[in-house]
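Data block below; observations after.
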There are 2 protein chains.
Amino acid sequence: MSEPGFAPRPTLEAVAARAGVSRATASRVVNGSEGVRAPLVERVRRAVDELGYVPNQAARTLVTRRNDAIAVVVAEPETRFFTDPFFAQQVRGISRELTAHDNQLVLLLTEGTADYQRVGRYLAGGHVDGALIFSLHAEDELPALARRAGVPTVIGGRPGWSDDRTLYVDCDNRGGARDAVRYLLGLGRRQVAHIAGPLDQTASVDRLDGFRDVLPDADPRLIVEGDFTPEGGARAMTALLERVPDLDAVFVASDVMASGALRVLRTVGRRVPEDVAVVGFDDMVSVAEWTDPPLTTVHQDIEEMGRLMAGLLLRTLEPPAQGGAEPVRAASIVTPTRLVVRASA
Amino acid sequence: MSEPGFAPRPTLEAVAARAGVSRATASRVVNGSEGVRAPLVERVRRAVDELGYVPNQAARTLVTRRNDAIAVVVAEPETRFFTDPFFAQQVRGISRELTAHDNQLVLLLTEGTADYQRVGRYLAGGHVDGALIFSLHAEDELPALARRAGVPTVIGGRPGWSDDRTLYVDCDNRGGARDAVRYLLGLGRRQVAHIAGPLDQTASVDRLDGFRDVLPDADPRLIVEGDFTPEGGARAMTALLERVPDLDAVFVASDVMASGALRVLRTVGRRVPEDVAVVGFDDMVSVAEWTDPPLTTVHQDIEEMGRLMAGLLLRTLEPPAQGGAEPVRAASIVTPTRLVVRASA
DNA sequence: CGCCCGCGTGAGAGCGCTCTCCGCATCCTT
DNA sequence: AAGGATGCGGAGAGCGCTCTCACGCGGGCG
């Protein structure tokens, strides 16, 4: 370390010179391609170590047209990204998968439409090889943006339109909801209510559909739309109690809303689960386990979903398979859910 | 859009040709440098629009040695990153500031020492112009790693060593703690306890120091070390009640721990704030407002801290100031805190 | 024993951009 | 009106890397 910030990083040229080979051969060794004889490989390796050579990614990208980087785009109409650890867990899964494949994660947070243009430009600019998009609302145009930019994309959560070219990863919202409602019925509950999420998001719709699968004839007054916040959950619970005072169970479309609902139930003196059984959805570690009482909820493996998203994207990015093998058509993934029984139901 | 994915992105060359100027002039216009006459500027602009030209970042980086990207490195010994929205908020602040300066955010999550090597290589590889590091523990070697890689760095939170070349951004943990304790004393409380964070983190130490500033002679039994989790807060509260049954106030070093403490107090039948007043630290939106009762806590502007970190880093990256102005020595920043009174004290 | 094939290596041409010259036109000065 | 100062625009040299292509050497075959 002579002068901080002034160490001129060694180039491939330097490595080649030191190893006494051509730049081409040095490149071959660095990139691990076949057909270089062992002694040469060894010499280049040593030169790399001695010089502390690290390839210049910009130069490499310039010629290969590969960035080994993917963008994670988070639309943030509401501030959900920052109030629950949902995305954080998903991002961790993504990060793990990308790291395992030597890819970098470029995080793009958007706020408002002005940012959409920015993101569009960025994606079109070929800075990344693909994009993982989280757009919570059905009508979000981020995915369209990515397609226009010609960037391979995988979406987090089922998108609002039907189109089997669009890849996504989602959990089995509908099935999970069915399990939750069936469980409540199995407990002998007769008046099962549902606090839904915002119905412009497919996750909310799917969970509601699951509820209806099991209770097709439920009194419409038993269903209230919330907004995935504790406040929203509280408001919805209040409304439900007013409309159907004798309800004895609630399936809430998210743990966060459930926490608000529990608070209301406690305030009005209904015991959980004795008077009203409550089941949530998500199994957010820091929420479900720490409500009072701890929440029975539908578990989804969020981190795994992140990993799957990244994996799926990476696979679509791979060259069309040189071997004789038929190029396996990448397909969207729906992960299973699982009911976790704690104390609230 | 002829064939998807096959649209050859236009180059500067193409823009120049269409505008009838040289590549150099086109470059000047694109980069907004002075000394190009209006009509030419206009022609180039139009060519850019018509062709949908977006500069190739790799090519640009190759010559300028600037990436316009900074890394956000999150050490994750514990899983705190994923259980509280702390980092998410900070990241949002960072993102905002970077976006405003046309920089990208590359997220590097680490788990274990193997990842440290990876991060070291990445930083040394010159992929990014600077790094923002969150290392929670005093002895973390991530900052040293970054320095060795010759990458300008700003640290989130006061680092464990004294060294004024190391830039950091932190909130006034000590002052905030003092305010909290003074407030409790002002309420007439006589037995004020403290649930500290893990004492290998400076934030915890500073908050404890603040507590001691006001209560230098506090009974040592009134101080218990927690771990920034709800469970840890609960355990600490239980221990405190056992050791000092007549305590009438607790200053908890984090809202998340305070939520655990509140739960214990409720369980054992102590009323909050009547019997025991509780003050937290952080003012995490989704925690402090939704505990029962809502938490009186020390507010810190987390997002602002993120923004400041990014701003500080960007400033150190700027060329040494061409104007006659003395290059202002960038300095660490300590942001103020503010007590937010809700219902728990 | 000579020819050809093939493997291993080197030479060199760019990838798309920035930026330093350098030439030329324009305008001001005396 | 001539010389110089000034400013605008173009030519061209790389930045560090990958990859194609051509070349040389050795071995198997005829």
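Below, read A as the first sequence line, B as the second, and so on, with proteins coming before strands; counting in each chain starts at 1.
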Inset, instruction - Any chance you could measure B:L108, atom CG, to A:L107, atom CG, to the nearest 0.5 Å? - result: 12.0 Å
Legend entry - Inter-residue atom distance A:I133.CD1 - A:T110.OG1, 0.5 Å rounding: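 Between atom CD1 of A:I133 and atom OG1 of A:T110 there are 10.0 Å.
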Inset, instruction - Report the nucleotide, chosen from C:dC17, D:dC17, D:dG10, that has the shortest atom-to-atom distance to any side-chain atom of A:A59. - result: D:dC17
Legend entry - B:N31 side chain, from C-beta outward: closest of C:dG16, C:dT18, D:dT18: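 Nucleotide nearest to B:N31's side chain: C:dT18.
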Gap between atoms [atom1] and [atom2], on [X] and [N] respectively (whole Å):
| X | N | atom1 | atom2 | answer |
| --- | --- | --- | --- | --- |
| B:E34 | D:dG9 | CD | C1' | 15 Å |
| B:L12 | D:dG12 | CG | P | 17 Å |
| B:Y53 | C:dG16 | OH | C1' | 7 Å |
| A:N56 | C:dC15 | CG | C1' | 13 Å |
| A:N67 | C:dG16 | CG | P | 13 Å |
| A:E13 | D:dT18 | CD | C1' | 13 Å |
| B:H127 | D:dG16 | NE2 | P | 14 Å |
| B:Q57 | C:dC15 | CD | C1' | 15 Å |

Inset, instruction - Using five base pairs at each end, measure the axis-to-axis angle across the helix from C:dC1-D:dG30 to C:dT30-D:dA1 and round it to 10 degrees. - result: 50°
Between [X] and [Y], is any pair of side-chain heavy atoms under 4.5 Å apart?
| X | Y | answer |
| --- | --- | --- |
| A:E97 | A:M309 | no |
| B:M305 | B:D170 | yes |
| A:V106 | A:H127 | no |
| B:T99 | B:L105 | no |
| A:N56 | A:T11 | no |

Short question: side chain of [X], backbone of [Y] - any donor-acceptor pair under 3.5 Å?
| X | Y | value |
| --- | --- | --- |
| A:R66 | A:D129 | no |
| A:T61 | A:N67 | no |
| B:R9 | B:V54 | yes |

Could you pull out the protein-nucleic contacts involving nucleotides 23-27 of chain D (nitrogen or oxygen on both sides, under 3.5 Å)?
none

Legend entry - Which residue lies more 5' along DNA chain D, comparing B:V63 with B:V21 via nearest heavy atoms: B:V21
Legend entry - Residue closer to the 5' end of DNA chain D, B:G20 versus A:S27 (nearest nucleotide):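 The 5'-side residue here is B:G20.
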So, is [X] near the phosphate of [N], with a side-chain N or O under 4.0 Å from OP1 or OP2?
| X | N | result |
| --- | --- | --- |
| A:R60 | D:dT18 | yes |
| A:S22 | C:dG10 | yes |
| A:T25 | C:dG10 | yes |

Inset, instruction - Let me know, please, whether A:L40 or A:R23 comes out on the 5' side of the other along DNA chain C by nearest nucleotide. - result: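 Final value for this comparison: A:L40.
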Inset, instruction - Between protein and nucleotides 20-25 of chain C, map the contacts as a letter string: B base, S sugar-phosphate only, - none, heavy atoms under 4.0 Å, written 5' to 3'. - result: ------
Legend entry - Distance-only polar pair, side chains of B:T166 and B:R147, donor-acceptor under 3.5 Å: yes
Legend entry - side chain to side chain contact (heavy atoms under 4.5 Å, CB included) evaluation trace for B:L145 with B:V119: CA-CA 8 Å; B:L145 211 91; B:V119 170; 4.2 Å; yes
